[in-house]
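All values reported here derive from a predicted model rather than from experimental measurement.
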Amino acid sequence: MATQAFDIALIQLGNVTASKEANLQHASKMVAKAAAGSGGFKPRVVVLPECFNSPYGVKYFPEYAEKIGFKNDQPYEVEKSESESVKMLSSAAKEAGVWLIGGSIPERDISDDKVLYNTSTIYSPEGKLVGIHRKVHLFDIDIPGKITFQESKVLTGGSQITQIDTDVGRLGVGICYDVRFPELAMVAARQGCAAMIYPGAFNLTTGPLHWELLARGR
């Protein structure tokens, strides 16, 4: 599909607390602020960071996880969603009139309460939930004396490539550590994507070693 030049706003939140309600309110305000633009900059696409509705840690994911129940081949009724994060993001996208890549949230599978994903939800300027991406590559690391983190202890990896057709072009979506592996971006390029969007929450131990290089590479 045709691609046009567009402005994009990447939100760096900070101040994520133990209160999901406060986190959602903060994210909503920041989406509105980013979408408003300034000095001739008016974004058509706004992106939140990974895991914006909860503290980032495997012990928090089960507590903050929400059921979404999105299926690619079926219309999604936001007003009937069990996910308060989905409802907030839909409203924020509609009020701002932008394409919104909703960072990611912990998602609980609707058919199996024990299965959790790290999931990005994507919204049209009309507030419709048009797609989701479940993080494919889970981040497991153990550097003695510095950092130990294992998403795979509680999360299940996704199994699908995510591409969304928008009025600015086709966009591919991954999440954080997905950027480390080139295949998603290679497929996206061959299938006409204008850009790859990777909401992330990099750690400060390994992140600085590769995030800029990988962003350029993808």
Main-chain N/O of Gly127 paired with Ser90 side-chain donor or acceptor, under 3.5 Å: yes
Contact check, side chains of Leu214 and Arg180, non-hydrogen atoms, under 4.5 Å: yes
Geometric cation-pi criterion, Arg134 with Tyr117: 6.0 Å, 45°: yes
Test side-chain hydrogen bond (donor to acceptor under 3.5 Å, both in side chains) applied to Gln163 - qualifying residues, sequence neighbours left out: Gln191
Backbone N/O of Phe41 and side chain of Asp7: donor-acceptor pair under 3.5 Å: no
Nearest-0.5 Å distance, CD1 of residue Ile105 to CE of residue Met88: 9.0 Å
Whether Asp178 side chain and Val136 backbone form a donor-acceptor pair below 3.5 Å: yes
Main-chain N/O of Leu138 paired to Gln150 side chain as donor or acceptor, under 3.5 Å: no
Any donor-acceptor N/O pair, Thr166 side chain to Arg170 backbone, under 3.5 Å: no
Listed pairs under 3.5 Å, donor-acceptor, residues 28-37 side chains, sequence neighbours left out:
none

Phe202-Tyr177 aromatic ring centre distance below 6.0 Å: no
Any pair counted as salt bridge (Lys or Arg N to Asp or Glu O under 4.0 Å), so long as it reaches residues 59-72, sequence neighbours left out: Lys20-Glu66, Lys67-Asp113
